[in-house]
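Here the structure is a predicted model, which is why all the values come from computation and not from measurement.
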Amino acid sequence: MTTSLADILDGFEFLDDWEDRYKYVIDLGRALPPFPAECRTDAYKVRGCVSQVWLVTDVTRNAAGEPVLTYQGDSDALIVQGLVAIVLAIFSGKTAKEILATDVDALFARIGLQDHLTPQRSNGLKSMVERIRSDAATALAT
């Protein structure tokens with residue numbers, strides 16, 4: 001991930017107009033690293049998203065033996081691709097415990113996402129978060 005969560009939060013606070021914020025979200029998506037074409041399969045698809053969204057999970061262990069989850073993601077829709085970038089900034093590179101402890105609703109409320117997304121995009125965003133939380137719970141259980 002090239003844009004940190006702190007930078008994203010600063011960007012949203014700097015931009016007053018939601019038209020500019022949507023453009024910023026699209027720019028975040030465009031800044032994602034290239035997604036491997038071979039990963040655009042049903043195995044990596046996030047269910048519950050109207051647009052196609054793919055997440056690849058890599059689980060490693062840190063020095064304390066805790067599972068750390070790193071993600072790659074992409075979407076076929078520009079705004080959703082930006083939402084993927086935001087989700088990756090929040091969760092990728094975190095331990096499973098940190099992921100499960102993250103108050104993502106508070107973060108989304110801070111930047112106003114829940115008030116400015118269509119119900120379909122909100123459901124897709126929720127599906128991405130649920131998938132990541134499920135990955136974290138699974139990593140902790142193994």
Side-chain angles (χ1 to χ4, degrees), residues 1-62 64 66-142:
M1 182 71 213
T2 56
T3 307
S4 72
L5 178 58
D7 289 342
I8 291 171
L9 293 173
D10 287 345
F12 272 94
E13 288 175 9
F14 177 75
L15 300 169
D16 294 329
D17 180 64
W18 262 96
E19 185 71 26
D20 291 334
R21 288 180 175 188
Y22 281 126
K23 290 177 186 173
Y24 180 58
V25 169
I26 290 169
D27 288 343
L28 290 170
R30 288 184 174 145
L32 283 173
F35 190 77
E38 65 272 12
C39 293
R40 292 178 189 271
T41 65
D42 283 344
Y44 299 108
K45 194 177 280 189
V46 176
R47 307 287 175 232
C49 296
V50 174
S51 302
Q52 294 191 80
V53 175
W54 302 273
L55 289 176
V56 175
T57 310
D58 182 42
V59 180
T60 58
R61 301 266 172 190
N62 64 15
E66 300 172 307
V68 176
L69 288 77
T70 305
Y71 287 90
Q72 293 180 35
D74 200 12
S75 175
D76 63 347
L78 289 175
I79 288 181
V80 178
Q81 191 176 32
L83 296 176
V84 169
I86 293 169
V87 168
L88 296 185
I90 294 169
F91 294 114
S92 190
K94 304 285 193 237
T95 67
K97 286 181 182 179
E98 289 172 320
I99 288 170
L100 294 172
T102 299
D103 185 353
V104 72
D105 291 334
L107 287 168
F108 292 155
R110 181 174 170 188
I111 56 182
L113 276 179
Q114 294 166 325
D115 297 331
H116 292 90
L117 293 178
T118 64
Q120 294 85 1
R121 286 194 182 122
S122 291
N123 287 339
L125 187 59
K126 182 180 176 186
S127 294
M128 283 186 263
V129 171
E130 287 174 355
R131 159 79 180 278
I132 290 170
R133 288 188 186 279
S134 174
D135 291 347
T138 299
L140 277 176
T142 57

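By the 6.0 Å contact criterion, NZ on Lys126 is open, its count of non-hydrogen atoms from other residues, nucleotides or ligands being 12 or less.
Shortest non-hydrogen contact noted between Leu125 and Leu113 is CD2-CD1, 4.2 Å. Residue Ala89 comes nearest to Thr3 through the heavy atom pair CB-O, 3.7 Å, listed as atom of the first residue, atom of the second, then distance. Closest approach of Asp76 to Ser51, counting heavy atoms only: OD1-CB, 3.5 Å. Minimum interatomic distance between Gly93 and Val68 (heavy atoms only, all atoms of both residues): O-CG1, 3.6 Å. Scanning both residues, Ala85 and Leu28, for their nearest heavy atoms gives CB-O, 3.6 Å. Annotation for Ser122 and Leu117: closest pair OG-CB, 3.5 Å, computed over non-hydrogen atoms.
For the pair Val56 and Asp58, the minimum side-chain heavy-atom distance is 4.5 Å or more. Residues Phe12 and Val25 are in side-chain contact: their nearest non-hydrogen atoms beyond the backbone lie under 4.5 Å apart. Using a 4.5 Å heavy-atom cutoff, the side chains of Thr102 and Lys94 are not in contact. Using a 4.5 Å heavy-atom threshold, the side chains of Cys39 and Gln72 count as separate. Leu140 has its side chain within reach of Leu100: a pair of non-hydrogen atoms, C-beta onward, lies under 4.5 Å apart. Using a 4.5 Å heavy-atom threshold, the side chains of Arg47 and Asp42 count as touching.
For the pair Ser92 (side chain) and Tyr71 (backbone), a donor-acceptor distance under 3.5 Å is present. Panel note: side chain Ser75, backbone Ala77; a donor-acceptor pair is recorded below 3.5 Å.
Ile111 CD1 to Leu5 CG: the interatomic distance, rounded to the nearest 0.5 Å, is 8.0 Å. Between atom CD of residue Glu38 and atom CZ of residue Arg40 there is a gap of 10.0 Å, rounded to the nearest 0.5 Å. From Leu83, atom CG reaches atom CG of Leu88 across 11.0 Å, with rounding to the nearest 0.5 Å. Distance check, rounded to the nearest 0.5 Å: CZ of Arg30 to CD of Gln81 gives 8.5 Å. Separation of atoms CD1 (Ile26) and CD1 (Ile79) is listed at 4.5 Å; rounding is to 0.5 Å. Atom CZ of Arg131 and atom CH2 of Trp54 lie 12.5 Å apart (nearest 0.5 Å).
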Verdict with supporting geometry, Lys23 and Leu15, side chain to side chain contact (heavy atoms under 4.5 Å, CB included) | CA-CA 10 Å; Lys23 290 177 186 173; Leu15 300 169; over 6 Å; no

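For the side-chain contact (heavy atoms from CB on, under 4.5 Å) with Leu69, the lone residue among Thr60, Asp135, Thr95 that qualifies is Asp135.
Partners of Phe35 according to the ring-ring contact (aromatic ring centres under 6.0 Å, His included) rule, which considers only residues two or more places apart in sequence or in another chain, do not exist here.
Sorted by first and then second residue, the ring pair (Phe, Tyr, Trp, His ring centres under 6.0 Å) pairs involving residues 81-119 (not counting sequence neighbours) are Trp18-His116.
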